[in-house]
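A short write-up of the structure that comes next.
Chain letters run A, B, ... following the sequence lines, proteins first, then strands; residues in each count from 1. Since the model is a prediction, treat every value here as computed from it, not as a measurement.
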Number of protein chains: 2
Amino acid sequence: MRELFHPNVEQLNLSSILNALGDPIRLQIIKNLSLQRETTCSCCNIDLPKSALSHHFKVLRESGLIHVRIEGKQRFLSIRYEELEKRFPGLMNSVIKNI
Amino acid sequence: MRELFHPNVEQLNLSSILNALGDPIRLQIIKNLSLQRETTCSCCNIDLPKSALSHHFKVLRESGLIHVRIEGKQRFLSIRYEELEKRFPGLMNSVIKNI
DNA sequence: AAAATAGTTCAATTGTATTTAAACTAATGA
DNA sequence: TCATTAGTTTAAATACAATTGAACTATTTT
């Protein structure tokens, strides 16, 4: 698994985005990413088994909220901020400000 | 049942709001309300049995997204726009613009 | 008072999400 | 090469959400 699926901007769907955001754990992940710009999966300070975290990362990635870059053994996560801003102006700002 | 429960602005919780919005049917209800300002439950143009609609109205009301005013036999629904704007500035605008 | 209207609640069913441990993969390090 | 690291996938369990029809409540109309 060298490349991961990321929906492109036009494919982004508001209902899926909001659904992905509407979960306390995923919102916490987004909060962490908004403060750190990039994180590895294991640096999320969330007390859950890695398989559960992996599940939430997948939901976030497939909804288009985050980008996952593979580098060696690690995955670096980041919010797809610019693309989200283009597609849903103001949305991520108001979300992140209010987590 | 003369008065319905509506959480007050301070009680509003982003995760619950986003969770309520992260459903295609409820997002459609919000879209309709954004165009009509106020609707009765039966005027939502959504093809679902009334009990299912009632469920979605309840989720929207209890999350704080909509206000329900009882008048005679009918319930008039409206988005709690001003309060939501105060609590989560910009959020509803960016959601409504992009439904 | 009885019927109609507008919607809610209930209970059952179905469907979807979350969580977990264990097995797995791919890359790095000894 | 073998072990370790970082994370994914799988399969099963549990939990939660959505949907439905039927019974119900409150209000209005006849």
(request) Compare every heavy atom of A/I66 with every heavy atom of A/F57, then report the nearest pair and how far apart it is. (result)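 Shortest heavy-atom separation between A/F57 and A/I66 comes out as O-CD1, 3.8 Å.
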(request) Taking all non-hydrogen atoms of both residues into account, name the closest pair between A/I99 and A/L27 and its distance. (result)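 The pair with the smallest heavy-atom distance is CD1-O, 3.7 Å.
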Between atom [atom1] in [X] and atom [atom2] in [N], what is the gap in whole Å?
X: A/K73; N: C/dA30; atom1: NZ; atom2: C1'; value: 11 Å
X: A/D23; N: C/dT18; atom1: CG; atom2: C1'; value: 9 Å
X: B/F57; N: C/dT9; atom1: CZ; atom2: P; value: 13 Å
X: A/R69; N: D/dA6; atom1: CZ; atom2: C1'; value: 15 Å
X: A/N19; N: C/dT16; atom1: CG; atom2: P; value: 12 Å
X: A/L4; N: D/dA6; atom1: CG; atom2: C1'; value: 13 Å
X: B/F76; N: D/dT27; atom1: CZ; atom2: P; value: 15 Å
X: A/K58; N: D/dA6; atom1: NZ; atom2: C1'; value: 17 Å

(request) On DNA chain C, check which nucleotide each of B/V68 and A/I25 is closest to and give me the residue with the more 5' one. (result)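 So the residue in question is B/V68.
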(message) Pair B/N19, B/S63 - check side-chain contact (heavy atoms from CB on, under 4.5 Å), show working.
(response) CA-CA 9 Å; B/N19 182 65; B/S63 76; over 6 Å; no
(message) Taking CZ in A/R37 as the centre, count heavy atoms belonging to other residues, nucleotides or ligands within less than 6.0 Å. Is the count above 12?
(response)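 Not buried by this count: 12 neighbours or fewer within 6.0 Å.
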(request) May I ask you to check whether over 12 heavy atoms, not counting those of B/D47, lie within 6.0 Å of atom CG? (result)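 No, because the 6.0 Å sphere around CG of B/D47 holds 12 heavy atoms or fewer from other groups.
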(message) For A/L91 and A/I17: C-alpha separation, side-chain torsions, deciding distance, then whether side-chain contact (heavy atoms from CB on, under 4.5 Å) applies.
(response) CA-CA 10 Å; A/L91 182 68; A/I17 292 274; 4.2 Å; yes
(message) Between A/H55 and A/Q74, which residue's closest nucleotide on DNA chain D lies nearer the 5′ terminus?
(response)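 The answer here is A/Q74.
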(message) Using only atom types and a distance under 3.5 Å, with no angle test, would you say the side chain of B/E85 pairs donor to acceptor with the backbone of B/G90?
(response)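 Present.
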(request) Tell me what B/L53 touches on the nucleic acid: a base, only sugar-phosphate, or nothing, going by heavy atoms under 4.0 Å. (result)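 Since no nucleic acid heavy atom lies under 4.0 Å of B/L53, the category is nothing.
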(request) May I ask you to verify if any side-chain N or O of A/R75 is less than 4.0 angstrom from the OP1 or OP2 atom of C/dA26? (result)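 No.
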(message) Counting only side-chain nitrogens and oxygens, does B/H56 get under 4.0 Å of the OP1 or OP2 atom of D/dT19?
(response)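 Looking at the OP1 and OP2 atoms of D/dT19, one of them is under 4.0 Å from a side-chain N or O of B/H56.
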(message) I need the residues from residues 37-52 of chain B with at least one non-hydrogen atom less than 4.0 Å from DNA chain C; give them sorted by number, or say none.
(response)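 Residues of residues 37-52 of chain B under 4.0 Å from DNA chain C: B/T40, B/C41, B/S42, B/K50, B/S51.
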